Amino acid sequence: MATSKKPTTLSGIQPSGKLHIGNYLGALKNFVELQNEYQGFYMVADLHALTEDIDPKERLAQTLEIAAAFIAAGLNQKKSVLFVQSFVPAHVELGWIFTTLLPVAALERMTQYKDKAARQTKNVNAGLLTYPALMAADILLYQPPVVPVGDDQAQHLELTRLVAKKFNQRYGDTFVLPKALHTRIPRLMSLADPTRKMSKSEPTGCLFLDDTPQVIEKKIKRAVTDTSSAPTKEMSAGVKNLFLILEACGDKKNHNALTAAYQKGTLRYSELKEKVADATSKELAPYQKRYKDVIENKAALKRVLTDGAKRAAHAADTTLKNVKERMGILLS
Ligand code: AMP
Ligand code: TRP
């Protein structure tokens with residue numbers, strides 16, 4: 001059981017499509033780096049993914065793929081708890097409770113809701129709207145002071161704090177108010193349009209975690225650098241993005257040399273791109289190898305998730321019991 005005295009942390013990723021390097025550098029890598037300092041709870045957010053149009057035949061496969069990605073990135077089950085959201089019923093229970101505290105107007109203001117409702121016009125389901133209540137439950141069940149996510153989750157975290165505050169005011173101090181914890185890259189931009197974040201909804205701008213070195217090279221060669229014809233003093237968003245990837249992939253030497261060249265005005269973008277492609281392929285190689293090993297051993301993966309669900313439920317049920325007592329919905 002999770003009996004560690006360390007502060008807790010929790011994060012989740014939806015099983016709805018392939019992971020890209022933005023997910024990796026903005027979130028997954030952070031999960032791994034935090035595991036010595038925090039008691040981590042990491043989940044595959046399969047209940048959240050029900051709000052999207054996904055073929056039911058693919059659901060389980062996608063859930064296992066995300067779970068494998070967590071392990072391939074370096075999550076260690078001795079230190080962290082890895083589980084699937086739907087295996088721990090407390091999430092849904094507390095999620096419902098939170099829908100009774102969140103104002104509809106606040107939910108309607110969420111950009112993710114508006115974006116998704118505009119994208120899947122034939123399926124604007126109520127779950128898309130109440131999504132933040134479930135996400136607040138995911139988080140608050142584990143009482144984490146920090147939540148490692150990319151900055152696209154800022155609004156969700158704000159609503160999580162709002163619901164925690166409302167609960168505390170109405171039923172007495174119960175929840176700590178969690179804060180987002182970002183990496184050096186809280187928002188990696190799209191290679192195709194560096195004014196927008198890299199997102200699986202626009203695959204042409206993504207480097208996927210299963211891309212081969214050849215594909216990575218091709219995509220980075222095509223990445224948008226400068227759109228203005230005259231050189232400007234300010235580094236363009238596309239070039240900045242490439243430098244960020246180089247730095248995050250650990251190639252300090254070339255990062256320093258190419259930054260100096262940029263400052264002198266002698267940088268060739270073709271050279272920058274070559275180094276970024278190399279560094280990315282090198283960074284992903286061990287991940288890709290581990291991923292292959294993990295996904296090929298489904299029985300072991302399922303065991304990790306079954307055990308993780310037990311450990312997560314133990315922590316979550318303790319919080320839920322306390323919540324129910326305070327609300328007057330538990331016989332003692
Ligand atoms: P999702 O695939 O939308 O469930 O996202 C999983 C995690 O990756 C979340 O913590 C996101 O904030 C993070 N993330 C998604 N896109 C990016 C990006 N372009 N840059 C940095 N982090 C990201
Ligand atoms: N909303 C997150 C995303 O789209 C996924 C998520 C669900 C999550 N529950 C969470 C992230 C709890 C952090 C904490 O990326």
Side-chain angles (χ1 to χ4, degrees), residues 8-32 34 40-52 54 62-63 65-67 69-70 73 83-86 88 91-92 94-95 98 110-113 115-116 119 127-128 130-161 163-164 178-203 205-209 237 240-241 244-245 248 312 316:
T8 56
T9 187
L10 171 128
S11 197
I13 297 186
Q14 291 193 70
S16 55
K18 292 211 284 185
L19 290 176
H20 53 70
I21 194 168
N23 300 128
Y24 183 72
L25 299 177
L28 268 175
K29 243 188 135 174
N30 219 5
F31 304 166
V32 175
L34 295 171
F41 291 89
Y42 293 105
M43 60 165 208
V44 185
D46 62 340
L47 294 173
H48 278 109
L50 294 178
T51 61
E52 297 192 11
I54 297 170
Q62 292 217 12
T63 291
E65 282 168 19
I66 299 295
F70 278 112
F83 68 103
V84 178
Q85 185 183 29
S86 66
V88 182
H91 289 247
V92 176
L94 190 61
F98 285 168
M110 301 298 284
T111 43
Q112 181 172 300
Y113 166 65
D115 282 355
K116 287 197 178 168
R119 238 185 295 134
L128 275 185
T130 59
Y131 184 112
L134 183 57
M135 178 155 161
D138 298 338
I139 296 171
L140 295 175
L141 278 171
Y142 301 90
Q143 307 273 23
V146 293
V147 180
V149 279
D151 79 351
D152 57 355
Q153 299 301 311
Q155 253 192 334
H156 282 146
L157 275 174
E158 219 172 279
L159 272 205
T160 300
R161 286 192 294 273
V163 86
K179 287 201 191 87
L181 190 70
H182 296 316
T183 63
R184 282 269 296 125
I185 307 197
R187 175 175 293 246
L188 192 71
M189 306 312 273
S190 156
L191 297 179
D193 177 1
T195 62
R196 301 163 66 92
K197 71 165 185 174
M198 187 177 285
S199 160
K200 62 192 157 209
S201 58
E202 315 216 359
C206 288
L207 286 174
F208 290 109
L209 297 189
K240 213 183 269 174
N241 206 36
L244 270 177
I245 298 176

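Atom set for the values below is all heavy atoms of this structure, side chains included, hydrogens, waters and symmetry mates excluded. Remember, it's 1-based here, ligands and their atoms both numbered in the order they're listed. From a predicted model like this one, the values you see are computed outputs, not experimental measurements.
By the 4.5 Å heavy-atom criterion applied to side chains, Ile13 and Phe31 are counted as neighbours. Residues Met135 and His48 have side chains in contact (heavy-atom distance under 4.5 Å, counting atoms from C-beta outward). Taking the side chain as every heavy atom from C-beta outward, Ser11 and Ile139 never approach each other to under 4.5 Å.
For ligand 2, the atoms closer than 4.0 angstrom to any heavy atom of Gln14 are 4 (O). Near His48, with a cut-off below 4.0 Å to any heavy atom, the atoms of ligand 2 are 7 (C), 9 (N). The contact set between ligand 2 and Ile139, taken as ligand atoms under 4.0 Å from a residue heavy atom, comprises 12 (C), 14 (C). Set against the non-hydrogen atoms of Leu10, the atoms of ligand 2 under 4.0 Å away are 12 (C), 14 (C). Listed by number with element, the atoms of ligand 2 under 4.0 angstrom from any heavy atom of Tyr131 are 1 (N), 2 (C), 3 (C), 4 (O), 5 (C).
At a 3.5 angstrom cut-off on N or O pairs, Ser11 does not count as close to ligand 2.
Closest approach of Gln14 to Lys200, counting heavy atoms only: O-NZ, 4.2 Å.
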What does the contact table look like for ligand 1 (nitrogen or oxygen on each side, cut-off under 3.5 Å)?
residue, atom, partner, partner atom, Å
ligand 1, 2 (O), Asn23, ND2, 3.4
ligand 1, 2 (O), Lys200, NZ, 2.9
ligand 1, 4 (O), Gln14, N, 3.2
ligand 1, 5 (O), Asn23, ND2, 3.4
ligand 1, 8 (O), Asn23, ND2, 3.0
ligand 1, 10 (O), Gly150, N, 3.2
ligand 1, 12 (O), Gly150, N, 2.8
ligand 1, 12 (O), Asp152, OD1, 2.4
ligand 1, 19 (N), Leu188, O, 2.9
ligand 1, 19 (N), Met198, O, 2.9
ligand 1, 20 (N), Leu188, N, 2.8
ligand 1, 22 (N), Gly22, O, 3.2

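Of all the heavy atoms of Val149, the ones lying under 4.0 Å from any atom of ligand 2 belong exclusively to the side chain. The residue Leu134 has no part lying near ligand 2, judged by heavy-atom distances below 4.0 Å.
Residues that satisfy the side chain to side chain donor-acceptor pair (under 3.5 Å) test with His182, not counting sequence neighbours, are absent from this structure.
The protein heavy atom nearest to atom 3 (C) of ligand 2 is Gln153 NE2, 3.2 Å. In terms of protein heavy-atom proximity, atom 9 (N) of ligand 2 is nearest to Asp138 OD2, 2.7 Å. Ranking protein heavy atoms by distance to atom 5 (C) of ligand 2, first place goes to Gly12 O, 3.5 Å.
Ligand 2 lies nowhere less than 4.0 angstrom from a heavy atom belonging to Gln85.
Below 30°, between 30° and 60°, or above 60°: for Tyr42 and Phe70 the angle between ring planes is between 30° and 60°, a tilted geometry.
Checked options Phe98, Phe41, Phe83; the residue passing with His91 is Phe83 (criterion: ring-ring contact (aromatic ring centres under 6.0 Å, His included)). Checking each of Thr183, Ile21, Asn23 against Leu188 for a side-chain contact (heavy atoms from CB on, under 4.5 Å) leaves exactly one that passes, namely Ile21.
Put simply, the side chain of Ser86 never gets that close to the backbone of Leu47: no donor and acceptor are under 3.5 Å apart. Not a single donor-acceptor pair under 3.5 Å links the side chain of Asn30 to the backbone N or O of Pro148. Distance alone, capped at 3.5 Å, places no donor-acceptor pair between the Ser190 side chain and the Arg196 backbone.
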I'd like to know whether Leu181 forms a side chain to side chain contact (heavy atoms under 4.5 Å, CB included) with Thr9, so could you lay out the CA-CA distance, the side-chain angles of the two residues, the decisive distance to 0.1 Å, and finally the verdict.
CA-CA 10 Å; Leu181 190 70; Thr9 187; 5.9 Å; no
